[in-house]
Amino acid sequence: MLQLIDELKTIPGVVGACIYGSDEGVLATNLPSIFRPQRLETVGKHLGKLYSAGQMSFDDLTDVSLHYDESVVVARELRKNQLIFAICDPTFNHNLLTMSFNLLQEELEQGRFAEAETPVAEAADGPGAAGALPCDQPAEELQELLGEMREKLGKVLGPMAGFIFDEAAEAWQKQGRCAISTIEALINLLNQEIADETKAETYRKLIAPALRAFQER
Amino acid sequence: MATAKEFVLRVSKIDGVAGCLLVRDDGVLLGQTLDDPEVFSSLVVLSGSLGQDIMARTGFSYCRHLSYLRRGKRHFYVFPIENYLLGVVQRSDSYVPDMLDAVYRLISRVSTRSSAVAAGGS
């Protein structure tokens, strides 16, 4: 899924994009970190409502776009309950983005992305093991990061953390491609398990250096 | 611009506009040149509200308009004008940039702080 939005980012004027599922939350994003995950969740939810309302009025609706002074947000339903939105400069090429959305939708419908996924790797042992994940990042590097995230979760949730992390990682795996760009989806799943805003914030602070280090590699 | 209805009529006369409606942000319809304004007025109010909220969440400064883009090219636009919302249906054969410019020009001439549109559909 990340590949999809990374390709969109190459379009002049496109700042980044996000795939949002109404059940899963943020599934993938390559937007700058200034767009914090909690905000993207709300934006995704609102765009979903706008899109649904639009569909009730127009049976041939394709995109919803919101034009602000400094940015334009363009949203498209990829498949049921799943939305992609791009944030762009006002000078972006709308036709090019529309065409890319069309291609992306077509590829999803034909299932090319599922085929492109790497085979499931063997699960590693020990506390650093995050289970078998079809990663498009080098498996070892990502598993190293996941191991660190797993360890930090222990500081917030105590002895059950390992078990909870493995379950969340498995659910994350089922959502699609596991990569750094979809890590927010895993964090969201963990936040649901933490079920405490302050603790979730603490956890985010604890893992921030590891995430940053991974992204800077 | 003396009344909401006059404003709506002027927007409707813009080249490329198939019809329009003006609603207050509480949903009260002030004027329209569309056959089925009830269908659109709820959408307009919801769009205005969610558009503003997205603006607040993302830190963007001002919502110029929202577009519902349709395969049949009869796109639908929502323009927030302070406490009012203007919904515009585009003709499928219109040149969008010119139409949008003309709508913006007209909106810029409306002062909602005065009694202009606030005259409330009189």
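Since this is a predicted model, take the numbers as computed values, not measurements. Chain identifiers are assigned alphabetically (A, B, ...) following the order of the sequence lines, protein sequences preceding nucleic acid strands; residue numbering begins at 1 within each chain. Side-chain atoms are counted along with the backbone in the values below, which use heavy atoms only and exclude waters and symmetry mates.
Proximity to chain B is absent for every atom of A:I34, based on heavy atoms less than 4.5 angstrom apart. The part of A:T42 that comes within reach of chain B is its side chain, from C-beta onward, which places non-hydrogen atoms under 4.5 angstrom from that chain. Only the side chain of A:V73 comes within contact range of chain B, judged by heavy atoms closer than 4.5 Å. With a 4.5 angstrom heavy-atom cutoff, B:F40 touches chain A only via side-chain atoms.
Aromatic ring orientation, B:Y104 versus B:F79: perpendicular (interplanar angle above 60°, classes split at 30° and 60°).
Most heavy-atom pairs under 4.5 Å with chain A: of the set B:H65, B:R64, B:M55, this distinction falls to B:H65. With chain A as the partner, the residue from B:L50, B:V39, B:V78, B:D36 showing the most heavy-atom pairs under 4.5 Å is B:L50. Ranked by heavy-atom pairs under 4.5 Å with chain B, the first of A:V74, A:D60, A:L47 is A:D60. Contact tally against chain A (heavy-atom pairs below 4.5 Å) for B:T58, B:D53, B:L46: the top residue is B:D53.
With B:I14 as the fixed residue, the side-chain contact (heavy atoms from CB on, under 4.5 Å) test singles out one of B:M99, B:Q90, B:R105: B:M99.
Looking at B:Y95, its side chain never comes within 3.5 Å of a backbone N or O of B:G16 through a donor-acceptor pair. For the pair B:S67 (side chain) and B:Y77 (backbone), a donor-acceptor distance under 3.5 Å is absent.
Shortest non-hydrogen contact noted between B:G51 and A:Y68 is O-OH, 2.6 Å.
For the residue pair A:E70/B:S61, the side-chain donor-acceptor check at 3.5 Å is satisfied.
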